[in-house]
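All chains are named by letter (A, B, ...) in the order of the sequence lines, taking the proteins before the strands, and each is independently numbered beginning at 1.
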Amino acid sequence: MPEGPSIVILRELAADFYGKKILHVEGNSKIDKTRLVGQYIKSLRSWGKHFLIEFSGFSLCIHLLMFGSYRINERKESPPRLSLQCSDKTELNFYACSVKYIEGELDEFYDWSVDVMSDFWNPAATRKKLRALPEKWVCDALLDQDIFAGVGNIIKNEVLFRIHVHPLSTLGALSSPKLHALVEQARTYSFEFLEWKKAFVLKQHWLAHNQPTCPRCGILFIRAYLGKTHRRSFYCEHCQKRYLSTKS
DNA sequence: CGTTTTGTTTCAGA
DNA sequence: GTCTGAAACAAAAC
């Protein structure tokens with residue numbers, strides 16, 4: 001479930017827990033669970049792939065990693081990492097995820113302008129960060145959570161295909177319009193991902209990710225583990241141009 | 001049924 | 001210090 005739009009769906013599904021009191025806590029997480037008992041949920045938020053449950057003076061940060069899952073008012077067979085049980089038999093259950101406390105105010109801890117799904121997302125600041133890293137590969141930049149919080153491997157592959165850019169292009173070699181398109185599509189595609197995911201039609205809209213051939217020219221996609229991140233990339237050698245700076 | 005992977009942290013070693 | 005790569009985690013889809 002893990003890219004940013006999927007966490008937005010979780011946040012929306014869990015919105016009813018706003019204001020609820022935690023009555024009982026279970027789970028195999030090593031965090032201090034007694035601390036949560038009696039606390040009221042002040043807000044349910046997200047930043048990139050982080051799902052945040054805010055209490056008075058501290059918050060829970062839940063990251064589903066690669067294989068994490070959740071159930072709301074239902075349980076899986078496997079033991080929960082964390083189960084937050086409220087009144088009227090409502091509960092939030094999380095499995096195979098990372099659970100941490102964040103001390104203090106979330107607004108102090110997070111820069112919301114980095115989150116591609118946020119109302120406070122800031123494309124100009126994003127472009128400025130990209131311009132400061134001319135040697136960075138574009139495939140790594142998209143996966144960098146300090147630049148594009150919430151973007152994951154699927155969004156990476158789809159955005160690069162849409163803007164016709166090879167994953168091993170360097171940021172410094174991209175023209176201003178290409179850099180604009182990169183930043184703009186990171187957000188636009190993420191919101192389309194959100195709508196398609198909600199409608200259970202996400203996979204059928206993939207043009208590059210997990211696809212055998214380029215829908216634009218018909219040749220086989222190259223499939224390789226690229227960048228410092230060594231994440232799976234699908235790209236078309238014909239349609240996606242590799243931009244490299246001329247000085248090297 | 002074995003392989004693969006929507007992700008991140010940690011740690012050893014250079 | 002700082003960078004890199006591998007391991008660890010863990011589960012369902014294909």
In whole angstrom, give the distance that lies between atom [atom1] of [X] and atom [atom2] of [N].
X	N	atom1	atom2	value
A/Q211	B/dT6	CD	P	13 Å
A/N153	B/dT4	CG	C1'	12 Å
A/I155	B/dT5	CD1	C1'	16 Å
A/H230	B/dT8	NE2	P	16 Å
A/E3	B/dT6	CD	P	8 Å
A/I9	B/dT6	CD1	P	18 Å
A/M66	B/dT9	CE	P	13 Å
A/H63	B/dT9	NE2	P	7 Å

Would one find a side-chain N or O of [X] under 4.0 angstrom from OP1 or OP2 of [N]?
X	N	answer
A/K49	B/dT8	yes
A/H209	B/dT6	yes
A/R223	B/dT4	no
A/R231	B/dG7	yes

Ring center gap for A/F51 and A/H63 short of 6.0 angstrom: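 Ring-ring flag for A/F51/A/H63: false, centres at least 6.0 Å apart.
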Readout for nucleotides 8-14 of chain C: B = base within 4.0 Å of protein heavy atom, S = sugar-phosphate only, - = neither; 5' to 3' it is --BBSSS
Just to verify, what does [X] make a side chain to side chain donor-acceptor pair (under 3.5 Å) with, not counting sequence neighbours?
X	answer
A/S233	A/K156
A/E103	A/R35
A/R231	none

For [X], enumerate each residue passing the side chain to side chain contact (heavy atoms under 4.5 Å, CB included) test, keeping only those at least two apart in sequence or located in another chain.
X	result
A/R162	A/Q185, A/T188, A/Y189, A/E192, A/W196
A/R131	A/S176, A/L179
A/F120	A/W112, A/S118

Angle between ring planes, A/F94 versus A/Y70, binned at 30° and 60°: parallel, tilted or perpendicular?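 The rings of A/F94 and A/Y70 sit tilted, inter-plane angle from 30° to 60°.
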Could you walk me through whether A/E237 and A/R242 pass the salt bridge (Lys or Arg N to Asp or Glu O under 4.0 Å) check? CA-CA 9 Å; A/E237 271 191 322; A/R242 184 167 183 189; over 6 Å; no
Any ring pair (Phe, Tyr, Trp, His ring centres under 6.0 Å) pairs touching residues 159-187 of chain A, not counting sequence neighbours?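 For residues 159-187 of chain A, and leaving out neighbouring residues, the ring pair (Phe, Tyr, Trp, His ring centres under 6.0 Å) pairs sorted by first residue read A/F161-A/F221, A/H166-A/Y235.
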Starting at the 5' end of DNA chain B, what dot-bracket string do you get if Watson-Crick and G-U pairs under 3.5 Å are bracketed, crossing pairs use [ ], other-strand pairs use | and unpaired bases use dots? .||||.||||||||
Got a sec? Which of residues 103-114 of chain A come in under 4.0 Å of DNA chain B, heavy atoms?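 Within this stretch, nothing sits under 4.0 Å of the strand.
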Which residues, if any, of residues 139-147 of chain A bring a heavy atom under 4.0 Å of DNA chain B?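 When residues 139-147 of chain A is checked for heavy atoms under 4.0 Å from DNA chain B, the hits, listed by number, are A/Q145.
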Pairwise P distance, B/dT4 and C/dA7 [rounded to whole Å]: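 My reading of the P atoms in C/dA7 and B/dT4 gives 15 Å.
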Determine the interatomic distance between P on C/dA10 and the same-named atom on B/dC11; round to the nearest Å.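 Comparing P positions in C/dA10 and B/dC11 gives a spacing of 16 Å.
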Against the six-membered ring of A/F55, is A/K42 placed for a cation-pi contact (under 6.0 Å from the centre, within 45° of the normal)?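 Here A/K42 fails the 6.0 Å and 45° test against A/F55.
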If you check the A/Y225 side chain, which of B/dG7, B/dT5, B/dT6 turns out closest?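 Given the options B/dG7, B/dT5, B/dT6, the side chain of A/Y225 is closest to B/dT5.
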Looking at A/S83, is its backbone amide N or carbonyl O close enough to the side chain of A/N93 to form a donor-acceptor pair, meaning the two atoms are under 3.5 Å apart?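 No: the side chain of A/N93 does not pair with the backbone of A/S83.
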Step-by-step side chain to side chain contact (heavy atoms under 4.5 Å, CB included) determination, A/T170 to A/Y243: CA-CA 6 Å; A/T170 53; A/Y243 297 88; 6.0 Å; no
Which donor-acceptor pairs under 3.5 Å do side chains of residues 13-25 of chain A form with protein atoms, sequence neighbours excluded?
{"unit_1": "A/K20", "atom_1": "NZ", "unit_2": "A/T90", "atom_2": "OG1", "d": "3.0"}
{"unit_1": "A/H24", "atom_1": "NE2", "unit_2": "A/E26", "atom_2": "OE2", "d": "3.2"}

Least distance between heavy atoms, A/L194 atom then A/M117 atom: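 Heavy atoms only, the tightest pair is CD2-CE, 4.0 Å.
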